[in-house]
Amino acid sequence: MGALSAESRAGELARLGGPAANERPAGTDRPELPPLPGAIPGSVVLRLAPFPNGALHIGSARMLYVNDEYRRRYAGKLYLVFDDTIGSAEKRVDPAMFDIIRHDLDIAGVPPDEVYYKSDRIPRFYPWARRVIDRGGAYVCVCPAERLRENREASRACPERSQSLEATVEGWERMLAGGYAPGEAVLRLRTDLADPDPAFRDRVLMRVSDLDHPRVGRKYRVWPMLEFSWAVDDVELGVTHVLRGKDLVVEDRMEEFIWRLLGIQGPPFLHWGLLRVREAKISKSKSVAEVRSGEFDGWADPRTWSIDSLERRGIHPEALRRFTLSFGLSLSDIEVPAETLYAENRQLIDAVTPRRAFVPDPVRLEVEGAPLLEPLELANHPDHPELGIRSVTASGPYWLPRAELVRHVGAEIRLKDLLNVRLPAEPPEGGSGAVVSAQFTTLANKKLPRIQWVAESGAVAVDMLGLDGTHRSGRGERALRDSTAGQSFQFERVGFVRVESNRTPGEEPVRVCFGHP
RNA sequence: GCUCCCGUAGUCUAGUCCGGCCAAGGAUUCGGGGCCUUCGACCCCGUAACGCGGGUUCAAAUCCCGCCGGGAGCACCA
């Protein structure tokens with residue numbers, strides 16, 4: 001068996017991907033990210049702030065790698081800060097996600113330097129809120145949410161907006177003391193009700209919630225909103241640059257407004273536009289629902305396009321990194337075909353991935369008049385002899401893909417690397433027990449359609465999970481029996497696959513996950 | 001509706017800040033050819049773009065104005 005272990009494959013990738021990647025001819029280099037404004041090597045601090053309600057997906061990869069790239073360039077630090085404030089009834093923290101997200105970072109190759117939980121930091125926000133109040137920057141509003149919204153829309157002030165500092169302090173103390181039920185009072189920033197952007201008018205800083213938090217239970221009743229918590233934590237954690245998607249630009253304004261109010265110089269913000277992968281239209285909340293209902297086979301289901309599922313498919317993290325970094329910090333909202341990612345992956349793995357024969361939807365083919373054939377010694381890779389060889393049973397009968405027998409009825413075809421046969425004029429009958437007889441013609445390597453095959457003797461059952469979540473069963477060549485968890489192969493004329501990571505030695509069928517063509 | 005952002009080939013992207021070296025570079029896709037016993041890889045060739053209209057200028061993808069198109073936000077979610 002010449003297949004490489006996962007370890008030696010990684011070594012191979014390091015060799016190929018390392019220096020080779022830097023030896024592109026001048027002018028064809030990937031564009032570099034722009035320099036970070038005011039960045040001092042060695043003292044850059046960045047942060048990732050996922051909300052733990054679902055696994056990281058291909059869209060999150062951009063956040064991961066842009067931040068990681070700058071960390072590398074400036075020898076900085078990258079913190080993982082779980083943004084696990086209380087959320088809402090619809091948007092709850094899922095405690096399982098803390099480990100899953102850390103695992104996602106792990107497989108993405110983006111290890112955090114430190115890990116924080118926002119829910120550990122709630123008391124820190126109270127004195128900051130008090131500072132904002134004392135500067136006259138906030139007031140306690142007791143409007144119902146509906147009226148608050150209407151007033152904001154109409155640029156109309158709520159009665160409390162003009163309350164005195166003393167009254168605000170009293171209201172704030174009452175919030176903290178549990179004197180308000182959820183929804184009865186909020187602390188609002190005093191911006192400008194005439195602000196042309198309705199989204200910016202007197203946003204909420206802190207609110208009351210009695211939802212049960214998976215980490216801290218009901219320990220706190222007053223919770224910060226995202227913008228305020230970051231206005232505080234970007235300062236307290238010493239973040240030097242905030243790199244986030246452009247969907248959060250209003251939040252920049254909020255943070256800057258608060259900092260100006262308190263006389264603080266905060267970090268600058270950089271953004272990127274929305275990235276969508278054409279084939280991965282699914283949203284995170286949809287995936288959450290499908291995983292929860294059991295419709296999806298957990299977060300590693302290929303239909304989620306989660307980081308985990310991409311690893312399962314054998315997509316190398318380096319391919320994901322190059323893919324996401326290739327878009328730079330462009331502010332355009334873009335939709336990219338997955339093929340672009342596949343192209344990156346192929347470039348990385350093609351040369352180090354052994355070839356194997358796999359026959360989906362197999363039909364048994366008997367070849368009349370064929371000579372007796374000795375086992376074949378086939379190269380694991382047509383262009384890379386260093387990947388070794390494997391032995392393949394060559395005598396019939398054979399398994400062939402039903403689709404090919406149908407497509408080539410009556411025609412002469414070549415069983416790849418073996419011999420030529422003339423197929424019968426009738427397509428194979430239905431049913432999996434179908435047997436087809438073909439007529440041997442020659443051994444000569446003629447220019448004919450070349451179809452992959454597997455000798456019945458020694459064939460191994462294979463189950464291939466597809467991108468749509470369905471399984472295809474088929475037959476694979478004998479060498480697949482020795483495959484180990486996590487190994488990648490190219491199934492000839494089918495595509496790249498990866499052996500499922502929970503495979504036990506000798507298990508049949510050999511379970512693989514389809515990666516890409 | 002209001003606010004912000006974006007608009008370079010099929011899809012991404014470089015160039016736009018500091019106008020000329022851009023009759024626009026790269027990647028990917030697609031088409032053609034070659035090669036290897038894969039629909040994969042590799043090699044060669046090719047198609048293909050500055051959203052529209054004005055203005056400034058000797059000169060505009062780059063600056064100004066208007067329009068059109070696309071996206072996001074307008075939550076006591078993140």
Side-chain angles (χ1 to χ4, degrees), chain A residues 24-25 27-32 49-53 83-93 118 141 143-146 148-149 152-153 155 180 182-188 195-201 203-209 222-223 225-227 229-230 244-253 271 273-276 278 284-285 322-323 326-328 330-337 339-344 346-347 349-351 353 355-357 378-379 381-384 404 414-418 444-452 490-496 516-517:
Chain A
R24 289 158 190 281
T28 65
D29 274 315
R30 287 155 199 283
E32 282 215 335
F51 182 70
N53 73 329
D83 220 345
D84 64 332
T85 52
I86 195 65
S88 64
E90 309 82 57
K91 199 163 181 178
R92 303 296 302 268
V93 171
K118 196 80 96 172
C141 177
C143 296
E146 181 69 9
L148 188 157
R149 220 177 356 253
R152 174 145 58 205
E153 177 79 15
S155 287
Y180 289 108
E184 278 186 357
V186 292
L187 186 69
R188 291 177 72 183
D195 193 281
D197 184 358
F200 192 66
R201 296 171 193 158
R203 301 266 294 208
V204 173
L205 259 26
M206 307 280 293
R207 36 101 187 230
V208 178
S209 173
V222 178
W223 290 82
M225 304 299 291
L226 171 137
E227 305 88 328
S229 76
W230 279 113
R244 50 165 57 148
K246 75 170 187 183
D247 49 317
L248 259 26
V249 286
V250 184
E251 285 68 16
D252 297 4
R253 264 191 91 190
H271 301 95
L274 204 75
L275 165 64
R276 266 192 301 250
R278 201 190 303 293
K284 187 159 97 171
S285 54
R322 292 182 187 181
F323 172 71
S326 75
F327 309 120
S330 139
L331 285 168
S332 320
D333 298 317
I334 54 175
E335 182 173 279
V336 187
E339 175 57 34
T340 308
L341 171 63
Y342 302 159
E344 294 283 4
R346 255 184 241 119
Q347 211 173 82
I349 72 169
D350 182 81
T353 304
R355 272 51 178 166
R356 291 290 183 266
L378 289 181
H381 194 298
D383 312 316
H384 296 273
E404 301 292 357
R414 179 164 180 80
L415 304 197
K416 188 173 173 296
D417 304 310
L418 191 66
N445 178 21
K446 293 200 290 183
K447 202 81 181 171
L448 293 170
R450 289 163 183 144
I451 310 302
Q452 81 275 31
Q490 189 208 52
F491 282 173
E492 286 182 310
R493 310 208 323 127
V494 175
F496 291 89
H516 55 82

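The structure presented is a predicted model; accordingly, all values stated were derived computationally and were not measured. Each chain gets a letter, A, B and so on, in the order the sequences are listed, and its residues count up from 1. As a basis for the values below, the full set of heavy atoms in this structure was taken, side chains included, without hydrogen atoms, waters or symmetry mates.
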Between [options], spot the one nearest the side chain of [X], thanks.
| X | options | result |
| --- | --- | --- |
| S332(A) | rU38(B), rC76(B), rC6(B) | rC6(B) |
| D350(A) | rA41(B), rU13(B), rC6(B) | rA41(B) |
| D417(A) | rA75(B), rU37(B), rC12(B) | rU37(B) |
| Q490(A) | rC74(B), rU38(B), rC12(B) | rU38(B) |
| A199(A) | rU37(B), rC12(B), rG73(B) | rG73(B) |
| L148(A) | rU37(B), rU11(B), rC76(B) | rC76(B) |

Just N and O in the side chain of [X]: are any of them under 4.0 Å from OP1 or OP2 of [N]?
| X | N | value |
| --- | --- | --- |
| S326(A) | rA27(B) | no |
| R346(A) | rG40(B) | no |
| R149(A) | rC76(B) | yes |
| R493(A) | rA41(B) | no |
| T85(A) | rA78(B) | yes |

| query | When rounded to the nearest 0.5 angstrom, what is the spacing between CZ in F496(A) and CZ in R355(A)? | reply |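 The distance works out to 5.0 Å.
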| Roughly how far, to the nearest 0.5 Å, is the NE2 atom of H516(A) from the CZ atom of R346(A)? |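 Reported to 0.5 Å precision, the distance equals 6.0 Å.
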| said: Does either side chain, that of D252(A) or that of H271(A), offer a donor lying less than 3.5 Å from an acceptor on the other one? | reply: yes
Between the base of [N] and the side chain of [X], is there a donor and acceptor pair under 3.5 angstrom?
| X | N | answer |
| --- | --- | --- |
| E404(A) | rC39(B) | yes |
| E251(A) | rA78(B) | yes |
| E344(A) | rU28(B) | no |
| R414(A) | rU37(B) | yes |

Is [N] paired to anything, Watson-Crick or G-U wobble with both distances less than 3.5 Å, and if yes, which nucleotide?
| N | value |
| --- | --- |
| rG1(B) | rC74(B) |
| rC42(B) | rG34(B) |
| rU56(B) | none |
| rA9(B) | none |
| rG51(B) | rC67(B) |

| task | Between W230(A) and A343(A), name the one whose nearest nucleotide on RNA chain B is closer to the 5' end. | result |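 Counting from the 5' end, the first nearest nucleotide belongs to A343(A).
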| said: Closest-nucleotide mapping onto RNA chain B: is R201(A) or D333(A) further toward the 5' terminus? I mean the 5' end. | reply: R201(A)
Remember a base hit wins even if backbone is also touched, and classify [X] as base, sugar-phosphate or nothing at under 4.0 Å, heavy atoms.
| X | answer |
| --- | --- |
| P382(A) | base |
| P144(A) | base |
| F200(A) | nothing |
| G183(A) | base |
| D383(A) | base |
| P198(A) | base |
| L226(A) | base |
| L248(A) | base |
| S330(A) | sugar-phosphate |
| M225(A) | sugar-phosphate |
| V250(A) | sugar-phosphate |
| Q452(A) | nothing |
| D247(A) | sugar-phosphate |
| R253(A) | nothing |

| query | Going by an N to O cut-off under 4.0 Å, is there a salt bridge joining D84(A) and K118(A)? | reply |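 No, no charged N to carboxylate O under 4.0 Å.
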| Are any of the side-chain nitrogens in R203(A) or E251(A) under 4.0 Å away from the carboxylate oxygens of its partner? |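 Salt bridge: yes.
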When the [atom1] atoms of [M] and [N] are compared, how many Å lie between them, rounded to an integer?
| N | M | atom1 | answer |
| --- | --- | --- | --- |
| rG71(B) | rG66(B) | P | 23 Å |
| rA60(B) | rG54(B) | C1' | 14 Å |
| rG73(B) | rG33(B) | P | 48 Å |
| rA14(B) | rU56(B) | P | 32 Å |
| rU47(B) | rC39(B) | C1' | 23 Å |
| rC30(B) | rC74(B) | C1' | 42 Å |
| rC6(B) | rU13(B) | P | 13 Å |

| message | For R152(A) and R188(A): C-alpha separation, side-chain torsions, deciding distance, then whether side chain to side chain contact (heavy atoms under 4.5 Å, CB included) applies. | response | CA-CA 12 Å; R152(A) 174 145 58 205; R188(A) 291 177 72 183; 3.9 Å; yes
| request: Could you pull out the closest heavy-atom pair between R201(A) and D195(A), with the gap in Å? | output: NE-O, 2.8 Å
| Over all atoms of both residues, closest heavy-atom pair of A351(A) and H384(A) | CB-NE2, 3.5 Å
| query | F51(A): what forms a ring pair (Phe, Tyr, Trp, His ring centres under 6.0 Å) with it, not counting sequence neighbours? | reply |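 With neighbours one apart ignored, the set is empty.
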